> 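Supplied in structure tokens, the structure appears directly below.
Keep in mind that what you see is a predicted model, and the values were worked out from it rather than measured.
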Amino acid sequence: MTSLGEHLAALDAMRPAELRAMWREQYRALAPNIGPDLLRRGIAWRMQARVHGGLTVATRRAIDKCLSQLEKTGEVGSPRDLTIKSG
């Protein structure tokens with residue numbers, strides 16, 4: 001069986017068409033119209049989230065709150081309002 005690290009390393013050698021196929025496999029949806037670098041990052045995130053777990057409920061809630069505010073006002077607000085920590 002191939003390790004997660006090997007799967008992630010293989011993404012660097014994939015052509016855009018291969019990345020779009022991999023996106024469909026990981027997300028069960030058509031790949032967005034973005035460049036290969038962002039496709040790689042999205043696929044890598046999804047693969048890692050499946051192995052190590054995704055975002056917590058609190059983090060998802062904080063992101064949704066920021067998106068909602070952005071849609072209403074066009075701004076996210078003060079960086080002090082953000083509760084998302086890096087890491």
Side-chain angles (χ1 to χ4, degrees):
M1 180 175 248
T2 309
S3 73
L4 176 61
E6 291 170 335
H7 281 292
L8 295 174
L11 293 174
D12 287 335
M14 289 186 177
R15 297 184 318 256
E18 294 170 315
L19 290 169
R20 292 187 181 289
M22 179 66 78
W23 183 282
R24 280 191 304 275
E25 182 181 312
Q26 292 295 318
Y27 286 93
R28 307 272 189 253
L30 290 175
N33 191 19
I34 56 178
D37 185 56
L38 289 177
L39 287 171
R40 282 185 191 91
R41 290 170 190 256
I43 294 166
W45 183 88
R46 184 67 165 216
M47 293 169 85
Q48 291 174 76
R50 286 186 176 184
V51 172
H52 300 295
L55 300 174
T56 65
V57 173
T59 301
R60 287 181 189 268
R61 204 173 290 136
I63 291 170
D64 289 341
K65 181 180 173 184
C66 288
L67 287 173
S68 177
Q69 185 175 358
L70 180 64
E71 289 172 351
K72 288 178 186 174
T73 66
E75 298 177 349
V76 175
S78 169
R80 292 181 184 154
D81 295 337
L82 297 176
T83 58
I84 300 172
K85 304 249 188 271
S86 61

> Within the side chain of Y27, is there an N or O that forms a donor-acceptor pair under 3.5 Å with the backbone of M22?
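No.
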> Does H52 reach the side chain of L4, with side-chain heavy atoms less than 4.5 Å apart?
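Yes, side chains in contact.
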> Just verifying a value: how many Å separate R40 CZ and L8 CG, rounded to the nearest 0.5 Å?
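The CZ atom of R40 sits 12.5 Å away from the CG atom of L8.
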> Using only atom types and a distance under 3.5 Å, with no angle test, would you say the side chain of E71 pairs donor to acceptor with the backbone of S68?
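Checking the backbone N and O of S68 against the side chain of E71, no donor-acceptor pair under 3.5 Å is found.
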> Within the supplied structure, the quantity of interest is the number of heavy atoms (other residues, nucleotides, ligands) at a distance under 6.0 Å from R41 CZ; does it exceed 12?
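Open.
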> Of the non-hydrogen atoms in L19 and I43, which two are nearest, and what is the gap between them?
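Looking at all heavy atoms of both residues, the closest pair is O-CD1, 3.3 Å.
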> Are D64 and R60 ion-paired here, with the side-chain N under 4.0 Å from a carboxylate O?
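Salt bridge between D64 and R60, a charged N being under 4.0 Å from a carboxylate O: no.
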> Taking side chain to side chain contact (heavy atoms under 4.5 Å, CB included) as the definition, give me every residue that meets it alongside R24, ordered by chain and number, with sequence neighbours left out.
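R24: side chain to side chain contact (heavy atoms under 4.5 Å, CB included) contacts with R20, A21, L30.
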> Check for me, please, whether I63 and V57 land in the same ILVMFWY cluster - side-chain distances under 4.5 Å, paths through other members count.
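Each belongs to a different hydrophobic cluster.
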> Rounded at 0.5 Å granularity, tell me how far NZ in K72 sits from CG in L70.
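Separation between the atoms: 11.5 Å.
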> About how many Å separate CE of M47 and CD of Q26, when rounded to the nearest 0.5 Å?
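These two atoms lie 5.5 Å from each other.
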> State the CZ-CH2 distance between R50 and W45, to the nearest 0.5 angstrom.
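Separation between the atoms: 10.0 Å.
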